[in-house]
Amino acid sequence: MTISLYNTLTRKKEVFETLEPGVVRLYVCGPTVYSNAHVGHAMSSLVFDIMRRYLEYRGFQVKHVMNYTDVDDKIILRSLHEERDPHELAESYIREYEEHLRSLNILPAHIYPRVSQEMGEIVKTIQGLVDKGYAYPAGGDVYFRVQKDDDYGRLSGRRLDDMQAGARIDIDERKEHPMDFALWKAAKAGEPFWESPWGNGRPGWHIECSAMCLHHLGDQIDIHGGGNDLIFPHHENEIAQSESLTGQLFSRYWVHNGMMQLSGEKMSKSLGNLVTITDFLSKNEADVLRLMVLNSSYRSPLTFNDDVIEAASKGLERLRNGLRPAFVESAGATTEAKEALAKQVETTRAAYIAAMDDDFNSAGALGHLFDLVRVINATRDAGATVAELADAQALLRELTGVFGLTLDKQTGGAEAAPFIDLLIEIRRELRAQKLFALTDQIRDRLAELGVTLEDSKDGTTWRFN
RNA sequence: GGCGACGUGGCCAAGUGGUAAGGCAAGGGUCUGCAAAACCCUGACCACGGGUUCGAAUCCCGUCGUCGCCUCCA
């Protein structure tokens, strides 16, 4: 069984083979930290978190690097506007994003490089490109020479000639070609700067990722990821820079997530149509967003609206219901019911893996988990005991865990369970005597304590709420 | 204008040659002291028009529409 994934570079699904057996070098472009992150950023982090978790589930060791761009025009602009130190401003948004990553249950990357802390590497990278003739200094700036790069444009499918026709490119006398892009920008008065062989200044937008990726993961990596709005120019330029420098293929697979759509268009800082992560999490639990992401293809635009949030929220409850214990009174299910469940366990695992192996088809895999839930519930209704549901529920826990969902909201259930069962037992006697005031009191008081009881013809079940 | 993606039941969304997963919503039923949940049943001429094929949602061409990139962007 092999994993396949869609490679933007070739525009088709390819069999996934790593440079080093069993090891995945993964670099994901993180946010530019100049304002509050929104759920679109969260989507991207979730997409790659799900991929990483699955690759690890399939036995790979994943070396995960995500950068923060903390030196940038917008940060400088904003710091001037707010009269704050740019480093301090960036730092505060980085801390906020780190907090979001924890809230969203995203596995920490192994390294979070920042532009401000990698200046030596960045300057070294630029110098290397200048030495090889792929870049040229011009009045304190340094530009990449696109005409020297034979296959410039191959990621985004553009030709230099086409792009010139677009006429949206600034004419800059200092550039040899209009598409040449800045590797180093000379500092203007009042701007933060770093020293370099070309004078004081700061890096251009794209060179940081090349430098940091080469530094932390080596000349060649397996997966380079980010939002599909980064394909051009950011990733195109990263390829140009990195491959011109090393003479080797930079990343084997380029993986891009689709954009979060709010009222029919891309959610983005510049458009102003956004829902911040803080906003979202104040009204919904983190798994709701994760389930929204899981329920569609990572490459497609993700519809964000109240209906979708509601559906994800309900779907999450449904998954949780699958983990409810058997009815306390149950004596055991029929052989047929138990066999049906065992068979479902078998097919679910296989189907889940087959779906996820196919370019991380999480929506398909999720569908199989819902199938499993339905059969678990039916088997519980049929009188299965806790032990008889155990395997199926363990699988449900395992596979939702691979998705990064946290269905068991409260721990400590193990200690409380016998006492709750005892209360249910007593309450059953009270119900038989039709002492409903007392039975309702028990149910209400338990609800206040965080335990929901639910009666059915087959008995009473409970869950933490 | 250039490059690319997409258009599947009320909503979201899998499926990319053999006759349509799943979730939410809706209706009916079972169960039921109440509440809640669960289970069963009900629904798609796969944007439109051509073509290829024994057979297409799935491949090809065209039309319409939506979205992304081409400027900062996850």
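Fair warning: this is a prediction, and the values are worked out from it, not measured in the lab. The sequence lines fix the lettering, A, B, ..., with proteins before strands; numbering per chain opens at 1. All values below come from the heavy atoms of this structure, side chains included, with hydrogens, waters and symmetry mates left out.
The CD-P distance, from A/E310 to B/G23, rounds to 16 Å in whole Å. Atom CG of A/L160 is separated from atom C1' of B/G2 by 13 Å (rounded to the nearest Å). To the nearest angstrom, C1' of B/A37 lies 16 Å from CZ of A/R374. As rounded to whole Å, 10 Å separates atom P of B/C70 from atom CE of A/M179. In this structure, the CG atom of A/N273 is 13 Å from the C1' atom of B/G68, given to the nearest Å. The separation between A/F181 atom CZ and B/U71 atom P is 13 Å, rounded to whole Å. Atoms NE2 (A/H206) and P (B/U71) sit 10 Å apart, rounded to a whole Å. Separating the CD atom of A/Q261 from the P atom of B/G7 is a distance of 14 Å, rounded to the nearest angstrom.
Shown here, B/C64 forms a base pair with B/G7; the pair counts as Watson-Crick or G-U wobble because both key distances fall under 3.5 Å. Of the nucleotides present, B/C70 is the one that pairs with B/G1 by Watson-Crick or G-U wobble criteria, both distances under 3.5 Å. Across all strands shown, nothing is found opposite B/G55 as a Watson-Crick or G-U wobble partner with both distances under 3.5 Å. Nucleotide B/A26 forms a pair with B/U42, judged by Watson-Crick or G-U wobble geometry with both contacts under 3.5 Å.
The A/F232 side chain lies nearest to B/C69 when the options are B/U16, B/G33, B/C69. In the set B/C12, B/G33, B/A74, B/G33 carries the atom at the smallest distance from any side-chain atom of A/R427. Residue A/D371 places its side chain closer to B/A21 than to any other of B/A21, B/C72, B/A74. The nucleotide whose nearest atom lies closest to any side-chain atom of A/H38 is, among B/A74, B/A37, B/C39, B/A74. Distance from the side chain of A/A311 is smallest to B/G23 among B/A35, B/A14, B/G23. With distances taken from any side-chain atom of A/N321 to the nucleotides B/C72, B/A14, B/A37, the minimum falls on B/A37. If you check B/C34, B/A37, B/A74 against the side chain of A/M267, the one that comes closest is B/A74. Side chain of A/K74, nearest nucleotide from B/A14, B/C72, B/A74: B/C72. Nearest to the side chain of A/L230, among B/A74, B/C12, B/G33, sits B/A74. Comparing B/A14, B/C11, B/C69 by their nearest atom to the side chain of A/D307 picks out B/C11.
Phosphate proximity of B/G23 to A/N295: absent, as no side-chain N or O sits under 4.0 Å from OP1 or OP2. Phosphate contact (OP1/OP2 of B/A74, side-chain N/O of A/N228, threshold under 4.0 Å): absent. In this structure, A/R318 reaches the B/C39 phosphate: one of its side-chain N or O atoms is under 4.0 Å from OP1 or OP2. Regarding contacts with the backbone of B/U16, every side-chain N or O of A/K13 stays at 4.0 angstrom or more from both OP1 and OP2.
Residue A/T439 is in base contact, counting any heavy-atom pair closer than 4.0 Å across all strands shown. Within the nucleic acid shown, A/G40 comes within 4.0 Å of at least one base atom, counting heavy atoms only. Note on A/T452: nothing from the nucleic acid sits closer than 4.0 angstrom, heavy atoms only. Contacts of A/L453 with the nucleic acid, taken as non-hydrogen atoms under 4.0 Å apart, include base atoms. Within 4.0 Å (heavy atoms only), A/G264 reaches sugar-phosphate atoms of the nucleic acid but no base atom. Across all strands, A/G153 comes closer than 4.0 Å to no nucleic acid atom at all (heavy-atom distances).
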(message) For A/V62 and A/M51: C-alpha separation, side-chain torsions, deciding distance, then whether side chain to side chain contact (heavy atoms under 4.5 Å, CB included) applies.
(response) CA-CA 10 Å; A/V62 180; A/M51 285 184 193; over 6 Å; no
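The aromatic rings of A/Y253 and A/F16 lie tilted to each other, with the angle between the two planes from 30° to 60°. Ring geometry for A/F464 versus A/W462: interplanar angle over 60°, hence perpendicular rather than tilted (30 to 60°).
Two residues, A/S300 and A/M43, neighbour RNA chain B, and the one matched to the more 5' nucleotide by heavy-atom proximity is A/S300. Of the residues near RNA chain B, A/A312 and A/Y298, the one whose nearest nucleotide (by heavy atom distance) lies more toward the 5' end is A/Y298.
Contact of the A/I424 side chain with the A/F327 side chain is not registered, since no non-hydrogen atoms from C-beta on lie closer than 4.5 Å. Counting only heavy atoms from C-beta outward, the side chains of A/H177 and A/Y143 never approach each other to under 4.5 Å.
Nucleotides B/C24 and B/C59 are separated by 30 Å at their P atoms, to the nearest Å. Nucleotides B/A56 and B/G28 place their P atoms 39 Å apart, quoted to the nearest Å. Comparing the C1' positions of B/G65 and B/G49 gives a spacing of 15 Å, expressed to the nearest Å. A distance of about 16 Å separates the P atoms of B/C31 and B/C40, rounded to the whole Å. Using P as the reference atom, B/C54 and B/C45 are 27 Å apart when rounded to the nearest Å. The gap from the C1' atom of B/A57 to that of B/C46 amounts to 4 Å, rounded to the nearest Å. For B/A74 and B/U19, the C1' atoms lie 40 Å apart once the distance is rounded to whole Å. Between the P atoms of B/G22 and B/U30, the separation comes to 24 Å (whole Å).
Counting distance only, with no hydrogens placed and no angle test, the side-chain atoms of A/D455 and the base atoms of B/C34 include a donor-acceptor pair under 3.5 Å. A donor N or O paired with an acceptor N or O is found under 3.5 Å between the base of B/C69 and the side-chain atoms of A/R158. With hydrogens and angles ignored, a donor-acceptor pair under 3.5 angstrom links the side chain of A/D440 to the base of B/G33. Side-chain to base pairing of A/K314 with B/C24: no donor and acceptor N or O lie closer than 3.5 Å to each other. A donor-acceptor contact under 3.5 Å is not formed by the side chain of A/R11 with the base of B/C3. Interface remark: the A/R380 side chain does not form any donor-acceptor pair with the B/A38 base, using a distance-only criterion of under 3.5 Å.
Proximity of the aromatic rings of A/F403 and A/Y352 is defined here by a centroid distance below 6.0 angstrom, and this criterion is met. For A/Y93 and A/Y34, the distance between ring centers is not under 6.0 angstrom. Between A/H256 and A/H235, the distance from one ring center to the other falls under 6.0 angstrom.
Salt-bridge formation is not detected for the pair A/R52/A/D49: no Lys NZ or Arg NE/NH1/NH2 atom is positioned less than 4.0 Å from an Asp or Glu carboxylate oxygen. Between A/K314 and A/E310 a salt bridge is recorded (basic side-chain N to carboxylate O distance below 4.0 Å).
By the criterion of a centre-to-centre distance under 5.5 Å and near-parallel planes under 30°, the ring of A/F370 forms no stack with the base of B/G22.
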